[in-house]
Protein chains: 2
Amino acid sequence: MSADQLSRVFAALADPTRREIVSTLALGDATLVELSEPHDMSVQAVSKHLRVLEDAGLVTRSRDAQRRPAHLEAEVFDLMTKWIERYRREAEQRYQRLDALLKETKPKRGAKR
Amino acid sequence: MSADQLSRVFAALADPTRREIVSTLALGDATLVELSEPHDMSVQAVSKHLRVLEDAGLVTRSRDAQRRPAHLEAEVFDLMTKWIERYRREAEQRYQRLDALLKETKPKRGAKR
DNA sequence: TTCCTCCTCAACCAAATGGTTGAGAACAAC
DNA sequence: GTTGTTCTCAACCATTTGGTTGAGGAGGAA
């Protein structure tokens, strides 16, 4: 929906550490310390990454005593794929039209608006 | 392929201005000034955005006198969709397995590695 | 109670990001 | 030639980002 959320989702996945977190969570929910173990950085740093994923709506967190298990929200991926597919399809169609055109005539691309 | 390029592609699309540029280019190649007109910022600023898209491999540029028409490269989108689809599918499968499991027994999630 | 684990908050820092202005190269047109 | 357009480069600035350390709250276990 909002351009803002789309921006946050793309920005969240632009970081390799956060993509690894996502790939871990795809295998099952996990706590902060569990998510931190594979990474060579402080727990606080991973906590910040998790927060970014949460703000983007890619991750939700529940409560289990002092633990806060993180859970991957797969639906948000659809936001991206829809956006991507739209422009990929347009670009491909345009490419095919151009291709067809080239087979007939030698067009002079009129650049003006 | 490289995690680096994937990071650059996601980062490039995290900005609304750059997404608008992509959506414009999906309709056809365009020069810098043409791309700048709709945006309330300097040509140099748009040039920087275009550079980011270029570095991510989303855009290529040709040469026409002093003009440098930008062209959208649709193939790069596949990089993203492949990455996304992979984890979306995993997460969905896991969800369905968990769902099936819940219908049989009451499982205690063993959090330890 | 005391102790240990999990997590968060705050302050700080260096580097990257997104914008600006000004100068100038390359080229077409007059 | 001069003039105007397109684009790039460099310097600068404010804000954001991605990390650190230190302190401390909440809660289970001894």
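By convention in this document, chain letters (A, B, ...) are assigned in the order of the sequence lines, proteins followed by strands, and residues within each chain are numbered from 1.
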message = Within residues 43-55 of chain B, which residues have any heavy atom lying less than 4.0 Å from an atom of DNA chain C?
response = Q44(B), A45(B), K48(B), H49(B)
query = Are the charged groups of R88(A) and E85(A) less than 4.0 angstrom apart, N to O?
reply = yes
message = If I take atom CZ in residue R19(B) and atom P in nucleotide dG18(C), what distance separates them, rounded to the nearest angstrom?
response = 12 Å
request  = Under the side chain to side chain donor-acceptor pair (under 3.5 Å) rule, what do S7(A) and R19(B) come out as? Steps first, then yes or no, please.
outcome  = CA-CA 9 Å; S7(A) 293; R19(B) 282 201 306 276; 3.0 Å; yes
task = Would you please confirm or rule out a distance under 4.0 Å between OP1 or OP2 of dT8(C) and any side-chain N or O of R68(A)?
result = yes
ask   = Taking the side chain of A65(B) as its heavy atoms from C-beta onward, which of dC6(C), dA28(C), dG18(D) lies nearest to it?
value = dA28(C)
remark   = Per-helix bend value, the helix from dT1(C)-dA30(D) to dC30(C)-dG1(D), C1' rotation axes over five pairs per end, 10° rounding, shows 20°
request  = Starting at atom CG of D40(B), determine the distance to atom P of dG18(C), rounded to an integer number of angstrom.
outcome  = 17 Å
ask   = Whole Å only: how far is the CG atom of D29(A) from the P atom of dC6(C)?
value = 17 Å
key: Steps toward salt bridge (Lys or Arg N to Asp or Glu O under 4.0 Å) verdict (R8(B), D4(B))   = CA-CA 6 Å; R8(B) 280 196 296 265; D4(B) 223 48; 3.0 Å; yes
task = Using whole Å, report how far CG of L13(A) lies from P of dG18(D).
result = 12 Å
message = For a quick test of reading the model, state the closest non-hydrogen atom pair linking A56(B) to V76(B) and the distance between them.
response = O-CG1, 3.9 Å
request  = Check the distance between dT16(D)'s P and D15(B)'s CG and give it to me in whole angstrom.
outcome  = 14 Å
ask   = Is there a side-chain contact between L32(A) and R68(A), using heavy atoms and a 4.5 Å cut-off?
value = no
message = In this structure, how many angstroms lie between the P atom of dT5(C) and the CD atom of E34(A), rounded?
response = 15 Å
key: L32(A) CG - dA26(D) C1' separation (whole Å)   = 15 Å
query = Just how far, in rounded Å, is P of dC6(C) from CZ of R63(A)?
reply = 14 Å
request  = Kindly work out whether a path of hydrophobic side-chain contacts (I/L/V/M/F/W/Y, heavy atoms less than 4.5 Å apart) joins I21(A) to M41(A).
outcome  = yes
task = Could you walk me through whether R86(A) and S23(B) pass the side chain to side chain donor-acceptor pair (under 3.5 Å) test, one step at a time?
result = CA-CA 9 Å; R86(A) 179 169 153 205; S23(B) 103; over 6 Å; no
ask   = Taking the side chain from S47(A) and the backbone from V43(A), do they hold a donor-acceptor pair closer than 3.5 Å?
value = no
inquiry  = Quick test of your reading: applying salt bridge (charged side-chain N to carboxylate O under 4.0 Å, His left out), list the pairs with at least one residue in residues 49-60 of chain B, sequence neighbours left out, ordered by first then second residue.
reply    = R51(B)-D55(B)
inquiry  = Between T31(B) and dT6(D), is there a contact of a side-chain N or O with OP1 or OP2 at under 4.0 Å?
reply    = no
task = Could you tell me whether the phosphate oxygens of dT8(C), OP1 or OP2, come under 4.0 Å of any side-chain nitrogen or oxygen in R61(A)?
result = yes
ask   = Which part of the nucleic acid does R18(B) contact within heavy-atom distance under 4.0 Å: base, sugar-phosphate only, or nothing?
value = sugar-phosphate
query = Picking from dA26(C), dA26(D), dC7(D), which would you name as closest to the side chain of Q66(B)?
reply = dA26(C)
